Chemist: 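Sharing a structure here in structure tokens format.
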Amino acid sequence: MTQPIDFSGRKALVTGGASGIGEVTAKLLAELGATVALADINGNALPPARERTGAHATVVGDVAVEADAERIVAESAHALGGLDLLFNSAGIGDDLVPLHEQSTERWRRVFDVNFWGTLLVARAAGRTMIAQSRGAIVNVSSIVGLDAFPGRSAYGVAKAGIGHLTRTLACEWGHHGIRVNAIAPAYTKTPMVRDLLERNIFDPGMIERRTPLGRMAETEEMAKAAAFLLSDWASYITGVVLPVDGGWTAYGAAGDVVKIRHGDG
Ligand SMILES: NC(=O)c1ccc[n+]([C@@H]2O[C@H](COP(=O)([O-])OP(=O)(O)OC[C@H]3O[C@@H](n4cnc5c(N)ncnc54)[C@H](O)[C@@H]3O)[C@@H](O)[C@H]2O)c1
């Protein structure tokens, strides 16, 4: 009952493992005893990420391409000697463009990487896990998949789809001993968000004021939530999309959280 989380002997695949939430989660899983494979489209970033995380293996591929997704899972399972855990973190951001101004090509790419990539890797990993009658998967949704954000239709639809896919797979695979959950992060200080900040796509002050905890998330805070859901501590949790958002989705009032928190009274 009081045993700390321990992934000794577990084999874990982390997609999008060369950066951000994926990389930091891979490092945490390795620190907690897992043998980890990193998969990423960015082949140059994989060797340094392997050094930083202590991962055992790396695979280059595009999760949105079916053959690549199948190969990522097959090569990872081969290198690790099996597959028990999947953290499905590969994803790309969008450009804050309303639908009527968005190109079909860009919309489809944002949707394909985020949703289709998650589905393809989960499906391939699920087949391996079903064969051994155990496994745990954590997908990555977003607060943008829980409520509507103007200008983010492709990303939002993909992330909402990941939530629904997560619940559906949990129901399909539960009796095979496989748990499927997701985290829904709010704004987290990763290279993806730094890029959006540099392009003035959003105002950090506004986000901090809109967040009950009054700050953006650290990447480690996402990694800890993902590790919990992958671990035996979550052994009776499946089909959940867990907001890891500092209270963002709990907040429904108009106005400014910080002003209210530090108000006149
Ligand atoms: N950072 C945030 O605030 C935030 C908030 C909500 C959700 N998310 C989600 O968290 C996940 C990780 O985001 P991050 O902020 O760590 O971003 P990041 O850019 O730091 O890392 C994403 C990684 O995915 C890889 N990748 C991109 N497209 C790929 C593809 N087609 N195939 C394989 N790998 C691919 C990238 O090369 C990169 O290494 C994403 O799914 C993102 O949508 C992030």
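Quick caveat, the model's predicted, so the values are computed rather than measured. Start at 1 and go down the list; that is how both ligands and their atoms are numbered.
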Chemist: Below 4.0 Å from ligand 1: does a non-hydrogen atom of K159 turn up there or not?
Modeler: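 Right, K159 reaches ligand 1.
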Chemist: Between R71 and D68, does any side-chain N to carboxylate O distance fall below 4.0 Å?
Modeler: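 Result for this pair is yes, salt bridge flagged.
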Chemist: Counting both backbone and side chain atoms, is some N or O of S141 under 3.5 Å from an N or O of ligand 1?
Modeler: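 So ligand 1 has no N or O lying under 3.5 Å from an N or O of S141.
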Chemist: Quick test: of every protein heavy atom, which one is nearest to atom 24 (O) of ligand 1, and how far off is it to 0.1 Å?
Modeler: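 Ranked first by proximity to atom 24 (O) of ligand 1 is G16 CA, 3.4 Å.
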Chemist: What do you reckon, does A186 put a non-hydrogen atom under 4.0 Å from ligand 1?
Modeler: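 Judged by the 4.0 Å heavy-atom criterion, A186 does count as contacting ligand 1.
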Chemist: Do any nitrogen or oxygen atoms of N42 come within less than 3.5 Å of a nitrogen or oxygen of ligand 1?
Modeler: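 Between N42 and ligand 1, no N or O pair is found under 3.5 Å apart.
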Chemist: Locate the shortest heavy-atom distance separating I143 from F149; write the atom from each residue and the value.
Modeler: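 Shortest heavy-atom separation between I143 and F149 comes out as O-CE1, 3.6 Å.
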Chemist: Can you tell which of D62, L38, I143 gets a heavy atom nearest to atom 31 (N) of ligand 1?
Modeler: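 Nearest option to atom 31 (N) of ligand 1, by heavy atoms: D62.
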Chemist: Does ligand 1 have any atom that is closer than 4.0 Å to a heavy atom of V113?
Modeler: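 Within the 4.0 Å threshold, so yes.
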Chemist: Looking only at distance, does V140 have an N or O less than 3.5 Å from an N or O of ligand 1?
Modeler: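 For ligand 1, there is no N or O atom that lies under 3.5 Å from one belonging to V140.
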Chemist: What protein heavy atom is closest to atom 6 (C) of ligand 1, reported as residue, atom name and distance in Å?
Modeler: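 For atom 6 (C) of ligand 1, the nearest protein heavy atom is P185 O, 3.3 Å.
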Chemist: Any heavy atom of A39 closer to ligand 1 than 4.0 angstrom?
Modeler: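 Heavy atoms of A39 never come under 4.0 Å of ligand 1.
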Chemist: Specify the closest pair of heavy atoms between L13 and S76, including all atoms of both residues, with the distance to one decimal.
Modeler: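 What the structure gives for the nearest pair is CD1-OG, 3.4 Å.
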Chemist: How does I21 reach ligand 1, if at all, at less than 4.0 Å between non-hydrogen atoms: by side chain, backbone, both, or neither?
Modeler: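 It is both parts that get close, each with some atom under 4.0 Å.
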Chemist: Would you mind checking which non-hydrogen protein atom is closest to atom 32 (N) of ligand 1, with the distance to 0.1 Å?
Modeler: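 Looking only at protein heavy atoms, the one closest to atom 32 (N) of ligand 1 is V63 N, 3.0 Å.
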Chemist: Verify the cluster assignment for M192 and V113: are they in a single hydrophobic cluster under the rule of side-chain heavy atoms below 4.5 Å apart?
Modeler: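 Shared cluster, no.
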Chemist: Dump the intermediate steps for side-chain contact (heavy atoms from CB on, under 4.5 Å) on R123 and E66, then the final yes or no.
Modeler: CA-CA 10 Å; R123 185 177 65 178; E66 185 168 352; 3.0 Å; yes
Chemist: Contact between R194 and ligand 1, counting heavy atoms under 4.0 Å?
Modeler: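 So R194 does not count as touching ligand 1.
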Chemist: Give the minimum heavy-atom separation between D203 and G205, together with the two atoms involved.
Modeler: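 Minimum heavy-atom contact is OD1-N, 2.9 Å.
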Chemist: Can you tell me which residue and heavy atom of the protein come closest to atom 39 (O) of ligand 1, and the distance to 0.1 Å?
Modeler: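 The closest one turns out to be D40 OD2, 2.6 Å.
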Chemist: Can G117 be said to touch ligand 1, with heavy atoms closer than 4.0 Å?
Modeler: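 Not so, G117 does not reach ligand 1.
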Chemist: Counting only nitrogen or oxygen atoms and a 3.5 angstrom limit, does S142 reach ligand 1?
Modeler: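 It does not: no N or O of S142 is found under 3.5 Å from an N or O of ligand 1.
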Chemist: Just to be sure I read this right, does ligand 1 sit under 4.0 Å from the backbone of I92, its side chain, both, or neither, counting only heavy atoms?
Modeler: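 The answer is the side chain of I92.
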Chemist: For atom 42 (C) of ligand 1, what's the nearest protein heavy-atom neighbour? Residue, atom name and distance, please.
Modeler: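 Ranking protein heavy atoms by distance from atom 42 (C) of ligand 1, first comes Y155 OH, 3.5 Å.
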Chemist: Indicate, as side chain, backbone, both or neither, the part of R109 found under 4.0 angstrom from ligand 1 when only non-hydrogen atoms are considered.
Modeler: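 For R109, the contact with ligand 1 is made by the side chain alone.
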Chemist: Would you indicate which of A90, G91, A18 comes nearest to atom 27 (C) of ligand 1 when only heavy atoms are counted?
Modeler: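 Result: the heavy atom closest to atom 27 (C) of ligand 1 is in G91.
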Chemist: Side chain or backbone, does A64 bring an N or O within less than 3.5 Å of an N or O on ligand 1?
Modeler: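 In fact, backbone or side chain, A64 has no N or O that close.
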Chemist: Has E51 got more than 12 heavy atoms of other residues, nucleotides or ligands less than 6.0 Å from its CD?
Modeler: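 No, because the 6.0 Å sphere around CD of E51 holds 12 heavy atoms or fewer from other groups.
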Chemist: Which option, G43, G17, S19, owns the non-hydrogen atom nearest atom 21 (O) of ligand 1?
Modeler: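 Among G43, G17, S19, the closest heavy atom to atom 21 (O) of ligand 1 belongs to S19.
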Chemist: If the threshold is 4.0 Å, N to carboxylate O, is there a salt bridge linking E218 and K224?
Modeler: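 Salt bridge absent between E218 and K224.
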Chemist: Check for me, please, whether V36 and F228 land in the same ILVMFWY cluster - side-chain distances under 4.5 Å, paths through other members count.
Modeler: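 Both belong to a single hydrophobic cluster.
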Chemist: Starting from atom 14 (P) of ligand 1, which protein heavy atom do you reach first, and at what distance in Å?
Modeler: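 The closest one turns out to be T190 OG1, 3.6 Å.
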Chemist: May I ask you to establish whether R10 and F7 are in a cation-pi arrangement, using a distance under 6.0 Å from NZ or CZ to the six-membered ring centre and at most 45° from the ring axis?
Modeler: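 No, cation not above the ring by the 6.0 Å, 45° rule.
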Chemist: Answer yes when E198 and R194 have at least one side-chain N-carboxylate O distance shorter than 4.0 Å, and no when they do not.
Modeler: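 Salt bridge flag = no for R194 with E198.
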Chemist: So, is I41 polar-close to ligand 1, with some N/O to N/O distance under 3.5 Å?
Modeler: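 It does: an N or O of I41 is found under 3.5 Å from an N or O of ligand 1.
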Chemist: For atom 19 (O) of ligand 1, what is the closest protein heavy atom, and at what distance to 0.1 Å?
Modeler: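 Among all protein heavy atoms, the one nearest atom 19 (O) of ligand 1 is M192 CB, 3.6 Å.
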Chemist: Could you establish whether A45 and ligand 1 come within less than 4.0 Å of each other, counting only heavy atoms on the residue side?
Modeler: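 Outside the 4.0 Å threshold, so no.
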Chemist: From the options T188, V244, N114, I72, select the one whose nearest heavy atom is closest to atom 3 (O) of ligand 1.
Modeler: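 It is T188 whose heavy atom sits nearest to atom 3 (O) of ligand 1.
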Chemist: Minimum heavy-atom separation for L32 and A227, please, with both atom names.
Modeler: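 Heavy-atom minimum between the residues: CD1-CB, 4.4 Å.
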Chemist: So that I can tick it off, tell me whether D62 and R109 are bridged by a salt bridge, with the cut-off set at under 4.0 angstrom between side-chain N and carboxylate O.
Modeler: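 Yes.
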Chemist: Going by side-chain contact (heavy atoms from CB on, under 4.5 Å), I137 matches just one of L86, T118, L230. Which one?
Modeler: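 Single side-chain contact (heavy atoms from CB on, under 4.5 Å) partner of I137 among L86, T118, L230: L86.
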Chemist: Restricting to non-hydrogen atoms, name the atom on T25 and the atom on A226 that form the minimum distance, rounded to 0.1 Å.
Modeler: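 Taking every non-hydrogen atom into account, CG2-CB, 4.0 Å.
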